[in-house]
2 protein chains.
Amino acid sequence: KWGIVSAGKISHDFVACLRSLSSEEHQIVAVAGKNFGTAKAFALLHGIPKVYGSYEELAQDGDVEIAYVGCLNPDHYKTSKLLFDHGKHVLCEKPLTTHLKHTQDLLRTSQEKKLFLMEAIWSLCNPAYLNLKAQLDKGLLGQVSYINVTFGHASMSQDRVIKKHLGGSAMLDIGIYCLALIDFLYGGDLPEKVQAVGTLTDEGVDIGTAVSMKFSNGRLATFTASLVMDLPNAAEIVGTTGTVRIEEPFWSPTRIETPCGPRDYVVPKTVVPCNYKNSGSLCYEANEVRRCLLGGSIESAHVTHKTTERIAFLTCEIFKQLGVSYVHEPVWLQ
Amino acid sequence: KWGIVSAGKISHDFVACLRSLSSEEHQIVAVAGKNFGTAKAFALLHGIPKVYGSYEELAQDGDVEIAYVGCLNPDHYKTSKLLFDHGKHVLCEKPLTTHLKHTQDLLRTSQEKKLFLMEAIWSLCNPAYLNLKAQLDKGLLGQVSYINVTFGHASMSQDRVIKKHLGGSAMLDIGIYCLALIDFLYGGDLPEKVQAVGTLTDEGVDIGTAVSMKFSNGRLATFTASLVMDLPNAAEIVGTTGTVRIEEPFWSPTRIETPCGPRDYVVPKTVVPCNYKNSGSLCYEANEVRRCLLGGSIESAHVTHKTTERIAFLTCEIFKQLGVSYVHEPVWLQ
């Protein structure tokens with residue numbers, strides 16, 4: 001049922017989660033890697049029956065129903081297009097693409113072809129987030145009016161995150177999780193104003209970004225993303241009657257401090273160890289995809305097409321202000 | 001030696017601190033209030049020998065060496081001018097004035113007349129801040145590269161802070177402490193870029209402001225000030241090798257968490273209770289003023305004239321971006 005595009009670290013973690021779920025509900029039928037040897041080793045490690053040395057072959061495999069796209073950022077667009085051309089549903093790693101217009105094109109294609117498409121913002125499928133939102137909607141903090149989020153890891157040694165041709169960018173790599181949390185907690189409202197500052201590499205890739213945003217009803221938000229330094233990686237959420245703190249790592253939390261005391265969450269265990277912190281929560285994302293496919297939905301209610309478009313739109317606006325080279329004029333479709 | 005201009009709440013706290021220090025080092029010779037009755041009651045409470053019903057009379061009092069200006073924000077400029085005209089040294093509450101050009105005029109006047117002038121950003125005289133800075137300069141966190149500060153109190157019921165004719169503004173009332181801390185920790189460097197968002201009242205007073213700033217060497221800062229809601233009121237300071245947290249209230253802290261463990265500070269006790277939280281630390285400011293006067297300095301090394309000008313300049317730039325009505329084109333003098 002699942003085809004895995006690319007045999008890198010994040011694909012490893014996602015597959016580790018798929019294997020930890022019921023094998024009747026999630027089957028991995030194939031993996032494709034540009035380097036056949038790497039893909040072969042990946043398949044051996046995870047017991048995946050079919051291995052391909054190109055994404056095209058996987059796209060043509062009639063057994064694959066849904067493809068997980070975990071390749072490098074600049075390849076997300078054309079790979080997702082290719083998969084759509086062959087009638088596959090797509091779960092694509094964030095950022096869906098590196099350009100707003102490409103993202104909008106993919107969303108349109110999904111709708112035209114009636115094929116499922118979801119950007120893998122896994123945090124938004126996490127019960128910790130969903131429970132928190134339900135509590136906030138019930139008035140846990142009165143009106144939520146301030147959010148600060150930081151996401152920073154010293155990772156300048158990783159070419160993938162800092163080189164332009166590899167799709168590098170603090171915003172695209174990690175800032176997107178900050179933006180997604182703010183968007184989620186403010187109910188998908190677009191900000192009235194966004195103001196960004198950032199530091200760029202010589203080739204114009206953002207490696208440190210600080211953003212302030214204003215929403216309706218006096219609501220404010222700030223976030224900072226950095227590839228240069230380790231930040232607190234927590235989220236502070238202030239409402240008219242109290243404060244919530246999502247402890248590090250806020251994108252896959254195990255503890256949320258609320259005015260009613262702490263709420264603890266357990267990250268699902270995986271059959272093999274993961275590369276990234278608390279990646280076990282990718283299980284929630286995998287189950288959400290399955291639920292949508294069984295229900296015949298082409299989008300998830302947790303990461304809707306509009307959610308993806310908003311985040312891409314805001315990222316594009318931030319890039320424009322920073323002078324990041326991925327930028328073109330941001331246009332909001334509807 | 002001290003003359004107290006205005007008999008309001010903050011003047012009360014400052015006088016409470018003066019009275020808690022050695023009476024040989026700090027004498028309060030007079031208090032002036034626009035309302036004579038209030039000033040009279042203030043003098044009685046604090047045992048101050050002379051009472052005036054106008055600031056002019058206090059300015060003319062030959063016994064007064066240094067005046068503490070604690071009146072409403074819009075009166076700071078002309079009151080300080082008046083005091084200078086009568087040869088008095090001046091410690092004036094923040095904001096020094098509500099307009100950058102007025103602030104620059106006062107700084108110039110102080111230099112021309114060789115009279116002491118200090119903006120009462122008392123935090124900067126606090127040993128907690130000075131010790132922290134000394135530790136940071138010794139490399140406690142490597143290079144400090146991220147600062148987030150929040151200062152927010154639900155105080156919309158206080159006309160003083162929200163009405164334009166009374167000098168209201170979240171930035172002027174409390175945001176200035178955030179800005180001062182960032183300026184202090186980043187060694188007085190001007191940011192390369194400042195980006196602000198904010199919410200305004202109908203008459204154009206900022207009541208909620210979120211700012212992101214970029215400094216040289218990839219350093220970032222964000223701060224949020226609000227008159228609408230209670231914020232965490234703490235500061236997070238991240239360097240290349242660790243993190244410091246100045247716990248609430250960051251402007252007069254009792255605890256600073258460092259990688260070497262917490263550092264605790266005791267707020268000086270006062271002979272009468274204060275109105276504002278941890279106001280006892282105004283003692284440090286009072287002693288700093290005395291030290292400067294004894295040494296013949298016209299400015300404090302902790303809150304230099306340039307510090308005051310930078311903060312006024314940045315406030316002016318932020319006001320410009322927000323559309324706040326105090327604004328005119330910010331011009332940096334030197």
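Quick caveat: nothing in here was measured; it's all calculated off a predicted structure. So that the names make sense, note that chain A is the first sequence line, chain B the second, and so on, each numbered from 1. The analysis underlying the following values was restricted to heavy atoms, covering all of them including side chains, and did not include hydrogens, waters or symmetry mates.
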Checking heavy atoms, do the side chain of A:Thr240, its backbone, both or neither come under 4.5 Å from chain B? neither

With no hydrogens and no angle check, do the side chains of A:Thr222 and B:Thr222 hold a donor and an acceptor under 3.5 Å apart? no

Exercise: do B:Thr224 and B:Thr150 side chains pair donor with acceptor under 3.5 Å: no

Pick whichever of B:Ser226, B:Gly142, B:Pro191, B:Ala196 has the most heavy-atom pairs under 4.5 Å with chain A. B:Ala196

Applying a strict 4.5 Å limit to non-hydrogen atoms, the region of B:Asn148 in contact with chain A is side chain

Report yes or no: does B:Asn233 contribute a side-chain atom to a donor-acceptor pair with the main-chain N or O of B:Phe250 at less than 3.5 Å? no

Straight-line distance of [X] [atom1] to [Y] [atom2], nearest 0.5 Å:
| X | Y | atom1 | atom2 | result |
| --- | --- | --- | --- | --- |
| B:Trp122 | B:Trp251 | CH2 | CH2 | 8.5 Å |
| A:Ile256 | A:Gln135 | CD1 | CD | 8.0 Å |
| B:Asn131 | B:Thr258 | CG | OG1 | 11.5 Å |

In short, A:Tyr265 meets A:Pro253 closest at the heavy-atom pair CB-O, 3.8 Å

Which atom names give the shortest non-hydrogen contact between B:Leu141 and B:Gly242, and what distance separates them? CD2-C, 3.4 Å

So if I take each residue of residues 198-218 of chain A and look for any heavy atom under 4.5 Å from a heavy atom in chain B, which residues do I end up with? A:Gly198, A:Thr199, A:Gly208, A:Thr209, A:Ala210, A:Val211, A:Ser212, A:Met213, A:Lys214, A:Gly218

Just so I understand: if I count every heavy-atom pair under 4.5 Å between each of A:Val228, A:Leu231, A:Thr243, A:Thr241 and chain B, which residue has the most? A:Leu231

